[in-house]
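Just the heavy atoms: all of them, side chains too, but no hydrogens, waters or symmetry mates, feed the values below. In the text below, chain A, chain B and the rest are named by the order of the sequence lines, each starting its count at 1.
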Amino acid sequence: MTEHFADVYPGLTPRLVIGKSGSRSLSLREEIAAGTYAPVATGALIDQLEQADLRGRGGSGFPAHRKWRAVRDGAAPRVVVANGEEGEPSSFKDRWLLTNRPHAVIDGLLLAAAAVGADRAVIYLSHPETVSSVRQALVELPSIPGRVEVELHVVQHRYVAGEESAVCRSINGGPALPLAKPPRPFECGVDGHPTLVSNVETLAQAAWIARNGADAYRALGTSASPGTMLVTLGGACRRPGVYEVPYGLTLGQLIEDCAGGLSNGIGGVLAGGWFMGVADASLLEATWCYDAMRAAGSGVGCGAVTVLGHDERIEEVVARLARWYVEESAQQCGVCVKGTVAIADTLELFSRGSAEPDALAKLARWGTTLQGRGACAFLDGAANLAGTFSKIITSDRTMQPVAVE
Amino acid sequence: MKVFLDPIKCSGYGACADICPSLFAIDEFGFAQLLSDGVVAASDEDSARNAAVSCAENAIKIEG
Ligand SMILES: Cc1cc2nc3c(=O)[nH]c(=O)nc-3n(C[C@H](O)[C@H](O)[C@H](O)COP(=O)(O)O)c2cc1C
Ligand code: SF4
């Protein structure tokens, strides 16, 4: 994976991947020429986000306007946090954005602070290259009348550290581990105040909408999934990288047209990061939008897609991923500790060909019964892996991988 | 009335499932599980409150 390679869908006028800045940041002068930090009224920004139907790019796809409005309607003081932790191992888009266009994120964070009436703004990071690019950007930040100070909060990299309650807990001086809900951060987050935790790409998209309007945003994508999204295409494709794509094309088209197609046939797909579990090759025919990806048993998530080559044994891949869940669990919830181990042990036996006869039935059951059980959604990811694997392992397509022509 | 279960605090003692089996069960891993979205029927309100009070880990929260 070339970490910082980025491009746009062929022929698309880019919104975020401007300058194709692959290996270097856009300078402050270039950012200002592109409209970043230009004064703009924020009184109607939340309504614009609603018209645009902007959805969170951190993985949940939650409508941005609802969260922003909930924070604005909470009692002052309020806090906004740009979540750039990017704990998802198969995603690189937030790192690309933070290293190449840190000002686009800071701009979005300042507009969010103005729109919800926050007097504190924090950028939450873990990857060292993003810490230096953002630190540099903060040094050269132009003086904007009335803007809040922007703080940097750096945390040790870990998957659960990017979960929103872990984000607030860490900023509050505690460990970067999730808390039980309720309350959620929009009610009680940093210092106990209403806190907007938003993914860095969501903020950059919101800034684009503030400057260009909701109609312009909706000019690309589909009516139910409007706009563009940063996706990370990786694994067995010819040109892995971060791509700005419109919603509404098939996943196969995205891989073909952006990433140069499959490099080793297709044995399966992990879409929506690792969180949505595993899918067979038929997922390439599904449309890349929230509804169709969900209907196909997967999800858009944070936009990361890993293609598995035709000779990768899916049983081994899922067993490895399941063990990763055991290691990354915050080990706070009894059901997560036991549930992830049960899933990993079962998948490991399956991979070795020595699973009990009821192994698939168990995996299918955990795919449902372990949903929503942890303090955070981490365990849902492990449950998705168990559930999706149990479904596809019996399908013909998985048993007969397609070799590359 | 709505109940919330804190999965970090729950240690699986099972008092909730004994006292209010219509809302709580102990799952195959030994931890409490909500049997619904947490909304409590009027007829269950007393036993739900009892379950919350009886939880040694204070893992059950009641709103409304
Ligand atoms: C285990 C776990 C890890 C997460 N890690 C991240 C992360 O690294 N970055 C991120 O933006 N969101 C992450 N999220 C989602 C956040 O909780 C939160 O929904 C998101 O930051 C909100 O931003 P958005 O509404 O703009 O998507 C994670 C969620 C879970 C359950
Ligand atoms: S569900 Fe798992 S990862 Fe999430 S808080 Fe509980 S133990 Fe930690």
*asked:* Nearest 0.5 angstrom please: Asp6(B) CG to Lys181(A) NZ, how far?
replied: 10.0 Å

*Go through the structure and list residues passing side chain to side chain donor-acceptor pair (under 3.5 Å) with Trp366(A), not counting sequence neighbours.*
Glu28(B)

*Go through the atoms of Leu179(A) and report whether side chain, backbone, both or neither lie under 4.5 Å from a heavy atom of chain B.*
backbone

*Taking all heavy atoms of Ile8(B) and all of Cys333(A), pick out the closest pair and write down the distance.*
CG1-SG, 3.6 Å

_Could you check whether atom CZ of Arg184(A) has more than 12 heavy atoms from other residues, nucleotides or ligands sitting under 6.0 Å from it?_
no

*Could you look at Lys61(B) and say if it's the side chain, the backbone, both or neither that has a heavy atom under 4.5 Å from chain A?*
side chain

*Would you sort out whether Asp27(B) and Val335(A) count as a side chain to side chain contact (heavy atoms under 4.5 Å, CB included), showing the intermediate values?*
CA-CA 9 Å; Asp27(B) 74 359; Val335(A) 65; 3.7 Å; yes

*Working to the nearest 0.5 Å, report the span between OG1 of Thr340(A) and CZ of Phe29(B).*
9.0 Å

_Heavy-atom pair of closest approach, residues Pro7(B) and Arg373(A)_ = CB-O, 3.3 Å

*Partner set under ring-ring contact (aromatic ring centres under 6.0 Å, His included) for Tyr124(A), not counting sequence neighbours*: His153(A)

*Determine whether more than 12 heavy atoms belonging to other residues, nucleotides or ligands lie under 6.0 Å from atom CD of Gln331(A).*
yes

*Which pair of non-hydrogen atoms, one from Pro182(A) and one from Phe4(B), has the smallest distance, and what is that distance?*
CD-CD2, 3.2 Å

